[in-house]
Chemist: 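Sharing a structure, written as structure tokens. Questions coming.
Just so you know, these numbers come straight off a predicted model, no measurement behind them.
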Amino acid sequence: MSRAEAAAEPLISSARASGDDDRRRDEGYDAEGEYSDMGDMGDVGDENALVSPGAFIWGLTVCAGVSGLLFGYDTGVISSTLISVDSDLSSRPLTTWDKSLITSCTSLFALLASPLTGLLADSWGRKKVILGADVLFVVGAVWQAVTGSVWGMIGGRSVVGLAVGSASFVVPLYISELSPSPFRGRLVTVSTLFITGGQVVAYIIGWLFSAHAHGWRWMVGLGALPAATQFLLLQFMPETPRWLAKANRKEEAKRVLLRVYGGGDDIKPLVNAVLRRVEKEIYEEEDAAGMRASSGAGEEKIGWKAKVARVHDHVGQLFAVGGNKRALTIACMLQAFQQLCGFNSLMYFSATIFAMVGFRSPTLTSLSIAVTNFLFTLVAFRAIDRVGRRRILLYSVPIMVIGLGLCSMAFISLDLPSQDASSVLDAVPNNEDKAWPLVILVAMVTYVAGYAIGMGNVPWQQSELFPLSVRSLGSGLATTTNWLSNFLIGITFLPMMVTITPTGTFALYSLFCLGGWFIVWKIYPETAGMGLEDVGELLKDGWGVDRSVKEFGLRRRDARQRERDREGT
């Protein structure tokens with residue numbers, strides 16, 4: 001049978017092989033053997049008819065989210081570590097350059113890991129990449145805890161960077177490929193909730209251990225515990241149905257989908273409709289890849305040469321196909337602005353900033369930043385599917401601009417120490433007026449609230465922008481953009497505070513926010529509530545902004561009508 005003939009056959013093999021009419025109807029076939037999306041749920045292909053996520057998908061999301069906890073913990077703990085390490089490393093106080101390297105090496109190695117693990121997630125599967133990241137988290141945490149030199153700390157932080165770079169893109173990808181479309185935004189946001197929760201835990205641990213001799217070793221070493229726990233829990237987690245279908249393990253994919261959607265007989269037509277859409281996308285990509293291969297010169301490749309050729313083909317399609325290029329542009333743009341707005345400078349150096357402006361307990365004061373981030377991520381969790389990705393950014397970025405602008409103006413009025421940033425913790429601020437430090441704290445809290453509602457969450461919805469054939473690679477490259485921007489922020493923040501002053505530094509971040517807002521308004525379509533297999537069609541011939549906003553409005557209207565109907569019954 002030719003490929004075209006095979007593609008024309010019904011895609012669910014169990015339905016094709018069986019003569020059982022009842023089962024064929026369950027799987028969406030009518031009496032004539034034609035596939036139909038109509039069943040007990042109305043339009044069974046419409047996932048928006050689902051009311052809430054089931055216990056199974058919640059369990060998978062929480063288990064996968066432990067990687068976010070590790071991500072957040074390792075991001076937040078460095079703030080307390082930098083002011084607690086004293087002379088324990090290389091028998092001398094840390095210099096500005098030491099602090100910048102220790103902070104930024106994590107981002108640098110995360111940057112290196114993201115594109116590589118983007119390829120591995122396609123060949124190995126999403127789950128195995130998370131397992132590998134757990135091993136790296138444990139090794140990096142122990143390495144940091146026992147090292148006695150600055151370069152040893154840099155080495156441990158670099159191993160953690162490899163873990164963070166792997167987990168930061170594959171966990172949202174894993175959750176996204178498992179989630180029903182009406183709840184995808186919320187469930188992916190759970191991983192961000194774990195990140196922010198990890199940062200809160202890191203600040204609390206930092207505060208508790210900051211008064212103890214060598215307490216920083218406990219701060220960094222405790223990061224091994226969640227990683228080891230997740231490694232054990234992962235043994236009971238399935239692969240994503242999309243990856244299983246792509247690996248030609250369709251029965252496994254169907255079983256996972258049945259558990260995700262609730263497992264009842266009334267769910268089977270919907271599961272089959274979703275699986276057919278996934279298979280249709282796979283077949284279309286295989287046809288396109290076959291045509292590209294047949295048009296090329298040379299003998300057929302086998303073994304590792306075939307794998308290299310497949311990777312080369314996927315890279316080519318990511319940059320050559322218009323819809324894929326637009327998806328990559330949006331994803332990379334959002335990830336870049338998430339970091340260039342300066343948020344992680346607060347995560348890395350908030351204790352340094354609060355010490356500089358005169359707070360007596362800078363580590364405890366920094367906890368307010370982490371708690372704000374966590375609480376307003378809860379707001380995002382509630383709103384991201386209802387308000388929409390695009391609108392939540394357009395509403396929240398101006399709040400960030402206000403916070404950064406107020407912070408920049410407040411620094412003008414502060415009489416800061418003239419010393420180099422490396423010795424600022426030993427300097428006594430020359431401020432008799434205690435109001436301005438409080439203004440800076442309020443401004444930073446305002447900025448973080450705006451960030452947590454939108455920019456801290458929406459970029460991690462990147463997986464939904466890409467078709468299955470390039471989803472892992474595209475997400476990996478977008479995450480690489482995130483870590484490149486993070487690296488630049490980490491290594492330049494303290495030098496910028498010295499050279500262009502705190503006022504100039506925070507003013508520059510506010511300009512990046514304004515630029516990001518304009519680009520979001522111009523090219524970012526609304527993808528909330530859309531099936532993963534439908535977003536590619538949206539970007540196929542353009543940015544799809546007007547169409548997506550209109551369709552989202554219709555989906556919101558239908559959702560409100562369904563809620564009224566349920567309340568009336």
Chemist: Rounded to the nearest 0.5 Å, how far does CG of L60 lie from CG of L234?
Modeler: 10.0 Å

Chemist: Report the distance from atom CZ of R326 to atom CG of L538, rounding to the nearest 0.5 Å.
Modeler: 10.0 Å

Chemist: Could you check whether atom CZ of R382 has more than 12 heavy atoms from other residues, nucleotides or ligands sitting under 6.0 Å from it?
Modeler: no

Chemist: Among residues at least two apart in sequence or on other chains, which ones pass ring pair (Phe, Tyr, Trp, His ring centres under 6.0 Å) with F194?
Modeler: none

Chemist: Just by distance, do the side chain of E526 and the backbone of R390 share a donor-acceptor pair under 3.5 Å?
Modeler: yes

Chemist: Please report, to 0.1 Å, the donor-acceptor pairs under 3.5 Å made by any side chain of residues 217-228, with sequence neighbours excluded.
Modeler:
residue : atom : partner : partner atom : Å
R217    : NH1  : A145    : O            : 2.9
R217    : NH1  : T147    : O            : 2.5
R217    : NH2  : T147    : O            : 3.0

Chemist: Could you give the distance from CD1 (I399) to OG1 (T446), rounded to the nearest 0.5 Å?
Modeler: 8.5 Å

Chemist: Go through the structure and list residues passing ring pair (Phe, Tyr, Trp, His ring centres under 6.0 Å) with W243, not counting sequence neighbours.
Modeler: none

Chemist: If we count only N and O atoms by modelled type, under 3.5 Å, do the side chains of Q230 and S67 hold a donor and an acceptor together?
Modeler: yes

Chemist: Taking R184 first and then E464, would you say they form a salt bridge - that is, a charged N and a carboxylate O separated by under 4.0 Å?
Modeler: yes

Chemist: Indicate whether any N or O donor in one side chain lies under 3.5 Å from an N or O acceptor in the other, for T192 and N457.
Modeler: yes

Chemist: Centres of the F337 and F512 rings: under 6.0 Å?
Modeler: no

Chemist: Run the side chain to side chain contact (heavy atoms under 4.5 Å, CB included) test on F493 and T103 for me, step by step, so that the C-alpha distance in whole Å, both residues' side-chain angles and the decisive distance to 0.1 Å come before the verdict.
Modeler: CA-CA 10 Å; F493 177 72; T103 303; over 6 Å; no

Chemist: With sequence neighbours left out, what residues match T329 under side-chain contact (heavy atoms from CB on, under 4.5 Å)?
Modeler: I523, W543

Chemist: Please report the C-alpha distance between R471 and E177 in whole Å, then the side-chain angles of each, then the deciding distance to 0.1 Å, and finally whether the salt bridge (Lys or Arg N to Asp or Glu O under 4.0 Å) criterion is met.
Modeler: CA-CA 10 Å; R471 185 171 295 146; E177 288 193 340; 3.1 Å; yes

Chemist: According to ring pair (Phe, Tyr, Trp, His ring centres under 6.0 Å), who are the partners of Y524, at least two apart in sequence or on a separate chain?
Modeler: none

Chemist: Can you tell me how far CE of M455 sits from SG of C341, rounded to the nearest 0.5 angstrom?
Modeler: 6.0 Å

Chemist: Among all residues two or more places apart in sequence or in another chain, which pass the side-chain contact (heavy atoms from CB on, under 4.5 Å) test with L367?
Modeler: V200, Y203, I204, L364, V371

